[in-house]
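Down below is the structure, laid out as structure tokens.
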Number of protein chains: 2
Amino acid sequence: MPNRGDRGGAQTRARIAAIATELFLERGFEDVTIAEVAAAAGVSKVTVFAHFDRKEDLLLDRLPDVRDVVRTAIHERADDVGAVEAIRRAVLALAAQRHPLSGLSEGAEPFLRTLIASPALTSRLRGFEYEIEKELAADLDADSRFRGDSALTAALLVAAYRTVAVEMVRRRLAGDDLAEIAAAHQARLERAFEVLATGLPNGG
Amino acid sequence: MPNRGDRGGAQTRARIAAIATELFLERGFEDVTIAEVAAAAGVSKVTVFAHFDRKEDLLLDRLPDVRDVVRTAIHERADDVGAVEAIRRAVLALAAQRHPLSGLSEGAEPFLRTLIASPALTSRLRGFEYEIEKELAADLDADSRFRGDSALTAALLVAAYRTVAVEMVRRRLAGDDLAEIAAAHQARLERAFEVLATGLPNGG
DNA sequence: TCGGTAAGTTTACCGAGTAAAGGTTGGGTG
DNA sequence: CACCCAACCTTTACTCGGTAAACTTACCGA
């Protein structure tokens, strides 16, 4: 893959991603071909695949950043803070600043709409989710202070977070007020982490 | 899709799936083409896709049965049994009888090996996982006795179960003794449900 | 000046999946 | 019996994502 050298590689990659994103948001992911993206970016089809492994990555190329968020949260927490608590603080911080990765940034609706409308994209999203879960489990394993079942902890954390995120996306696409969504999102995050800490309420 | 009438449809489907499975286990999922499966089954490529939506479904065609297991468990539980408890009993029962869906049936290693070796198959498996989660959430919603966050409950249940299942598969492929695997599997299931009920231990 | 190397191009190909239109067979109905 | 309908399957042709390989271009450092 390119992107290592200093002669245009990174710019080309950025240009391809930008144009692809524009086309996808405009016409839907499935209705834009790689050949079109390549032509619009003034580049050959092969070059597109030199920069991105899969078509879906043209839109989701920022998602791997989540790994860093997770790793940093675990690694740089204070001594008296548990791993789960560190993750909790990290995702709440992202939500509070309406970081793009939180899904709460302004104007994200077209992106979210495009994402939800495409089976290929949602499938790839689940793939990322699983990668992040594995990453988190590995980080927990490598952490000398963590005691417990790292795989189970990682799986429950990611699942809980996703549940809350899905509801937030639903409300964004329903056109609800962003401030209300953000507030409800944070409340639901708190609630989800509470459930993780104390167990499911016996309701059924 | 065929399979409704009584003239050969179901047999043809079964024959295709059987031959495809054989080929996949023998040579790996990615190294067998649909054209080969079709030829070996004495059928055209189009007919294969008339019976199965995707290539992966040729191997995973029994997986949708899990939905029925879940639905039945929720729906036919006794009055004094909670929904989560009903699921717990159902999966423990499957494990106890080494039901094929539990992954504990004898001789399943080649199947599991083929599954794990293929990104396309594992991805499809995650897709099923998510469908089952949605199904479970819907069942909980429809259940008059259940109180709580159905989406969160379903997500945590499925995530917890998967974690335990993954470890079991790992041990099967490592060649451990099946009886030991089954015993450990049941113990880990109990432990996972305990965590769901009482929360993650504060280890980190 | 020369050669190495990263980036991109052309060409050719593979395999999954779809569309369309037509052929075969059996079962039910006038 | 003759006929037709419906289900099943076929052939053909196509689209699109993705890969392989060999060639070009341009910078960069010795």
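To find a chain, count down the sequence lines: A is the first, B the second, and so on, and within it residues start at 1. Source: prediction; values computed, not measured.
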Return yes if a side-chain donor-acceptor contact under 3.5 Å exists between Thr153(B) and Ser150(B), otherwise no. no
Please state how far atom [atom1] in [X] lies from atom [atom2] in [N], giving the value in whole angstrom units.
X: Gln11(B); N: dC9(D); atom1: CD; atom2: P; value: 10 Å
X: Asp31(A); N: dT15(D); atom1: CG; atom2: P; value: 15 Å
X: Phe52(A); N: dC16(D); atom1: CZ; atom2: C1'; value: 19 Å
X: Phe49(A); N: dA21(D); atom1: CZ; atom2: C1'; value: 17 Å
X: Glu56(A); N: dC16(D); atom1: CD; atom2: C1'; value: 13 Å
X: Ile34(A); N: dT15(D); atom1: CD1; atom2: P; value: 17 Å
X: Lys55(A); N: dT15(D); atom1: NZ; atom2: P; value: 15 Å
X: Arg13(B); N: dA7(D); atom1: CZ; atom2: C1'; value: 16 Å

- Task: Indicate yes or no for a side-chain donor-acceptor contact from Arg77(B) to the backbone of Ile74(B) under 3.5 Å, with no hydrogens or angles considered.
- Result: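 Between the backbone of Ile74(B) and the side chain of Arg77(B) there is a qualifying donor-acceptor contact (under 3.5 Å).
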Open item on the list: Donor-acceptor check, side chain of Arg62(A) to backbone of Leu59(A), threshold 3.5 angstrom: yes or no?
Closed with: no
Next item on the list: Could you tell me whether the phosphate oxygens of dC9(D), OP1 or OP2, come under 4.0 Å of any side-chain nitrogen or oxygen in Thr12(B)?
Entry: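 Indeed, a polar side-chain atom of Thr12(B) lies that close.
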Notebook entry, point to check: Whom does dA30(D) pair with, Watson-Crick or G-U wobble, provided both distances fall under 3.5 Å?
Noted result: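 Partner of dA30(D): dT1(C).
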Quick note, salt bridge (Lys or Arg N to Asp or Glu O under 4.0 Å) partners involving residues 15-30 of chain A, not counting sequence neighbours, are Arg27(A)-Glu36(A)
List the atom of Glu133(B), the atom of Ala151(B), and the distance in Å for their closest heavy-atom pair.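 The answer is OE2-O, 4.4 Å.
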Heteroatom pairs (N/O) under 3.5 angstrom, protein to nucleotides 10-12 of chain D:
from: dT10(D); atom 1: OP1; to: Ser44(B); atom 2: N; distance (Å): 3.3
from: dT10(D); atom 1: OP2; to: Ser44(B); atom 2: N; distance (Å): 2.7
from: dT10(D); atom 1: OP2; to: Ser44(B); atom 2: OG; distance (Å): 2.9
from: dT10(D); atom 1: OP2; to: Thr47(B); atom 2: OG1; distance (Å): 2.3

Closest of dG17(D), dC9(D), dG8(C) to the His51(B) side chain is dC9(D)
Worksheet item: Is the shortest side-chain N to carboxylate O distance from Lys134(B) to Glu131(B) below 4.0 Å?
Response: no
Under a 4.0 Å N-O cut-off, is there an ion pair linking Arg170(B) with Glu167(B)?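 A salt bridge is present here (some side-chain N lies under 4.0 Å from a carboxylate O).
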Item to complete: Look at all strands and tell whether Val32(B) reaches a base, only sugar-phosphate, or nothing, counting heavy atoms closer than 4.0 Å.
Response: sugar-phosphate
